[in-house]
Amino acid sequence: MLTQFVTILIIVAVIGCILYGRRLIKTEKVDAVFGNPERSKGGTHWVIVGTSAILMLWLYYSWDIAKGFYPKSANELCQVAKINESLLGLKYQFPIEEREFKSTSIIKIENKNLLKIANEIKGSPDLNDQQKSILVSYIDRTSKLIPFLTSEELMEMDTKIKLKEMTEEIKLLSFNFKKKDYPYETDGQKTERQKLIDAQGGWGITTIDSGSGSIENTIEIPTAPQTNKGLKFHAAAEQLRLINDKFFKLKNHNPQFKSSIKQLKDDIKTYRIGLDDSEEIASDYAKNIVKIARRIEFASIYPPNALNEMQAAIIEFDELQKKEQGGLRLIDILLFPAGTIVASGPTCSEQGSGRWLPKPSDTFNKFILMSKPSVGYKNIPLLWIEMVDVSKMIGFLLPDWIADILPGEYPVHTKDGIVKENFKSNVFKVVTGDFKLFKVPVPYGHIWDSFLRVFLGLVFGIIIGVPLGLFMGLNRFAKGFFDPLIELYRPVPPLAWAPLIISVLGIDNTGKIFLLFMVSLSIMIISARAGASGTQLSKIHAAHSLGASKKQILRYVIFPNSLPEILTGIRVAVGMCWGTLVAAEFLAGTTGIGFVENVAKKYFQYEVIWITIFIMGMLGLLFDVTLRKLIDRYIPWRGKG
């Protein structure tokens with residue numbers, strides 16, 4: 001329902017925005033020629049069109065539109081897929097899916113294999129003449145097995161009758177398949193099927209395994225037929241599966257063939273037993289000849305025209321079932337781009353774009369589930385608030401040694417088992433947070449952990465990098481001293497540092513924040529240095545002429561002039577930090593967006609992977625938009641000389 005509404009809303013929005021845009025063009029300023037920035041203003045409607053186009057593409061290629069407008073189409077295509085799966089084995093025996101009979105292909109391949117081995121044996125310097133003669137005779141006997149299977153005269157009556165029965169079964173299936181009431185279903189069967197339908201849920205439904213704290217997919221496609229059309233295909237698929245099993249169990253073996261192949265295998269076995277260790281090559285050749293004989297034995301090889309009637313019956317049913325699909329085929333072609341629903345044993349699954357491009361509706365539902373603090377991901381919510389006692393924060397901030405340096409001793413318990421607190425022990429409780437105070441809300445969760453790591457790494461990089469960069473931009477010694485160090489570690493990819501830093505500082509926040517600090521530090525130093533060294537000399541001379549001191553020049557001339565470069569550096573550093581953080585959380589971590597994506601990757605949870613991508617994109621966009629607003633508000637001179 002939601003997908004249908006969104007789809008219609010997108011179509012309306014796109015049409016409306018295009019019409020609005022065309023009307024706006026007519027009121028465009030006449031002097032706004034090409035290259036005039038005025039032409040790029042007021043384009044919100046084009047942003048809506050672009051965003052809608054992306055969302056529409058996603059809805060279409062993820063098959064969410066198919067799910068929204070034809071929710072039972074997946075179940076019906078699943079039943080069709082069951083028929084295709086049952087037919088596939090039979091169709092491969094005939095020039096339907098292939099260009100020739102399977103029997104013909106097998107005969108060509110095995111004759112080629114026999115000829116190849118024969119040539120190898122004849123030209124082998126490791127075999128004597130006697131061995132060659134014996135092995136070639138085995139090859140001749142193996143090749144003579146095939147005519148026993150392809151001879152119409154030698155074909156047993158029992159085999160002919162069974163093939164005839166299977167052909168009649170397929171014809172009867174075609175006859176019944178045309179009937180509207182096929183298959184006849186009793187009230188009891190109908191009730192049982194309805195129970196299955198209720199239990200299996202809908203297409204793409206998800207459930208929560210709250211015991212393990214993880215979100216797991218249920219069956220991808222509901223398999224029990226939900227509609228009468230689906231039931232018809234399901235019943236036919238079941239019958240075809242039985243025919244398919246019977247066909248492949250049937251072997252066209254006649255007494256002559258059985259006798260010949262048994263004698264051949266016995267002779268080769270006796271021959272191999274008689275060989276000593278120095279005749280290993282001859283033994284291997286004999287072994288390979290037996291393998292070919294066995295492949296011929298278990299293959300479905302029949303006389304050229306023995307299966308013609310069955311082939312016609314299969315083609316007739318195949319055409320009939322395609323015709324019976326009707327509009328479903330059109331839905332499959334138009335709304336299931338780059339793939340379809342396929343059956344594999346008792347289950348059905350999506351194969352194609354819908355497999356890796358999750359449906360927006362499923363992704364949204366899973367995001368809602370993961371946002372619930374009672375569900376989360378691996379027992380941790382994406383972002384939530386927990387009430388934390390202020391005493392814990394005080395204990396975290398204050399060092400324990402404050403209590404240690406106070407005069408006096410910590411209290412000792414009395415013989416009655418009582419501990420009488422004193423001033424020193426009370427101070428110790430304060431510095432360790434072992435007391436009760438009021439509680440304040442504190443955010444926590446995967447998103448918060450990642451955000452905090454990026455924020456702290458960036459802040460430390462700014463605090464140290466900006467002053468150092470300004471210093472290097474103004475002082476010859478600082479530039480010469482620090483430049484080699486910065487230029488030495490800056491080109492090294494952050495991921496190259498990650499294993500070393502995480503190994504030394506651990507997998508917790510310390511290692512990750514330090515890694516992000518290293519990433520942002522070099523960027524901030526270079527940005528600040530470029531800003532300081534790029535200050536126009538005329539401004540500095542003007543400040544000097546007005547009697548400004550060095551501190552005033554730095555405060556009112558150089559620093560403001562460097563701010564645009566510094567803020568641009570921060571924008572670049574944010575992107576670099578996000579990229580590095582995800583990689584670091586991939587390598588080691590128990591929380592964070594990168595950790596969530598890493599776990600989701602292992603279990604092919606495409607919806608979760610896309611959620612992490614969106615979250616990272618939205619957080620990065622939030623950082624960037626905030627900085628752009630700050631630049632516009634507090635640095636209005638940017639780009640104006």
Side-chain angles (χ1 to χ4, degrees), residues 1-25 39-78 202-206 217 220-222 325 327-342 348-371 382 593 597 600 604-622 624-625:
M1 186 67 183
L2 179 64
T3 305
Q4 294 170 320
F5 175 74
V6 170
T7 305
I8 294 171
L9 187 67
I10 287 173
I11 294 171
V12 171
V14 169
I15 294 173
C17 288
I18 290 174
L19 292 176
Y20 175 74
R22 288 181 62 82
R23 196 182 70 176
L24 204 65
I25 290 172
R39 289 168 63 95
S40 64
K41 290 184 178 177
T44 307
H45 52 291
W46 295 123
V47 174
I48 294 173
V49 173
T51 308
S52 299
I54 293 171
L55 187 55
M56 182 61 94
L57 277 176
W58 187 14
L59 287 167
Y60 177 67
Y61 277 100
S62 66
W63 305 350
D64 211 1
I65 290 180
K67 182 187 171 187
F69 288 92
Y70 303 96
K72 293 183 179 176
S73 59
N75 179 259
E76 289 183 343
L77 285 171
C78 171
W203 178 13
I205 195 171
T206 57
N217 283 320
E220 199 169 34
I221 306 293
Q325 291 180 35
L328 187 61
R329 292 192 73 191
L330 205 58
I331 293 173
D332 190 15
I333 293 169
L334 295 179
L335 296 183
F336 289 77
T340 187
I341 307 295
V342 297
C348 289
S349 61
E350 299 171 346
Q351 293 294 322
S353 59
R355 184 78 175 173
W356 64 270
L357 191 63
K359 299 167 189 59
S361 57
D362 286 349
T363 308
F364 180 71
N365 288 336
K366 189 152 282 189
F367 176 74
I368 296 295
L369 287 173
M370 291 172 67
S371 300
L382 285 181
I593 299 301
E597 186 171 8
F604 301 101
Q605 296 173 328
Y606 293 107
E607 292 88 356
V608 180
I609 292 173
W610 278 98
I611 287 170
T612 59
I613 292 171
F614 281 127
I615 289 174
M616 284 185 277
M618 293 307 295
L619 287 175
L621 182 63
L622 182 66
D624 198 62
V625 169

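Residue numbers run from 1 in the order of the sequence given.
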Which value, rounded to the nearest 0.5 Å, describes the distance between [X] atom [atom1] and [Y] atom [atom2]?
X	Y	atom1	atom2	result
Lys359	Glu350	NZ	CD	3.5 Å
Cys348	Ile341	SG	CD1	7.5 Å
Trp610	Asp362	CH2	CG	14.0 Å
Ile10	Cys17	CD1	SG	11.5 Å
Arg23	Tyr20	CZ	OH	6.5 Å
Thr363	Leu357	OG1	CG	8.0 Å

Name every donor-acceptor pair, under 3.5 Å, that has one atom in a side chain of residues 49-56 and the other anywhere in the protein, sequence neighbours excluded.
{"residue": "Thr51", "atom": "OG1", "partner": "Val47", "partner atom": "O", "Å": "2.8"}
{"residue": "Ser52", "atom": "OG", "partner": "Ile48", "partner atom": "O", "Å": "2.7"}

Quiz item: When you look at OH of Tyr60, are more than 12 heavy atoms from neighbouring residues, nucleotides or ligands closer to it than 6.0 Å?
Solution: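 Yes, OH of Tyr60 has more than 12 neighbouring heavy atoms, counting only those of other groups under 6.0 Å.
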Quiz item: What orientation do Trp58 and Phe614 show, parallel under 30°, tilted 30 to 60°, or perpendicular over 60°?
Solution: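 Geometry flag for Phe614 against Trp58: tilted rings.
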Exercise. Give every residue pair that meets the side chain to side chain donor-acceptor pair (under 3.5 Å) criterion with at least one member in residues 331-341, sequence neighbours excluded.
Key: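 Found Asp332-Thr340.
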Quiz prompt | Heavy-atom side-chain proximity of Leu59 to Pro360 below 4.5 angstrom | solution =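 Yes, at least one pair of side-chain atoms sits under 4.5 Å.
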[X] and [Y]: which non-hydrogen atoms are nearest, and at how many Å?
X	Y	value
Ile221	Cys78	CG2-CB, 4.0 Å
Ser361	Lys67	OG-NZ, 3.6 Å
Gly21	Trp46	CA-CZ2, 3.7 Å

Quiz item: Checking side-chain contact (heavy atoms from CB on, under 4.5 Å) against Ile611, which of Gln605, Lys366, Glu597 comes through?
Solution: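 Running side-chain contact (heavy atoms from CB on, under 4.5 Å) over Gln605, Lys366, Glu597 with Ile611 returns exactly one hit, Lys366.
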Quiz item: Hey, which of Thr612, Ile615, Leu369 is the one that makes side-chain contact (heavy atoms from CB on, under 4.5 Å) with Leu382?
Solution: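 The residue from Thr612, Ile615, Leu369 that satisfies side-chain contact (heavy atoms from CB on, under 4.5 Å) with Leu382 turns out to be Ile615.
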Indicate every side-chain donor-acceptor pair of residues 69-77 with a distance under 3.5 Å to a residue at least two apart or in another chain.
{"residue": "Ser73", "atom": "OG", "partner": "Tyr70", "partner atom": "O", "Å": "2.6"}
{"residue": "Asn75", "atom": "OD1", "partner": "Gln226", "partner atom": "N", "Å": "2.8"}
{"residue": "Asn75", "atom": "ND2", "partner": "Pro222", "partner atom": "O", "Å": "2.6"}
{"residue": "Asn75", "atom": "ND2", "partner": "Ala224", "partner atom": "O", "Å": "2.9"}
{"residue": "Glu76", "atom": "OE2", "partner": "Thr227", "partner atom": "OG1", "Å": "2.7"}

Practice problem: Measure from the ring center of Tyr606 to the ring center of Trp356 and say whether it is less than 6.0 Å. | Solution: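 No: the rings miss the under 6.0 Å criterion.
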Quiz item: After noting the C-alpha distance and the side-chain angles of Ile331 and Phe336, does the key distance pass the side-chain contact (heavy atoms from CB on, under 4.5 Å) rule?
Solution: CA-CA 7 Å; Ile331 293 173; Phe336 289 77; 3.8 Å; yes
Quiz prompt | Polar side-chain atom of Thr3 near backbone of Asp64 as donor-acceptor pair, under 3.5 Å | solution =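 No; zero donor-acceptor contacts below 3.5 Å.
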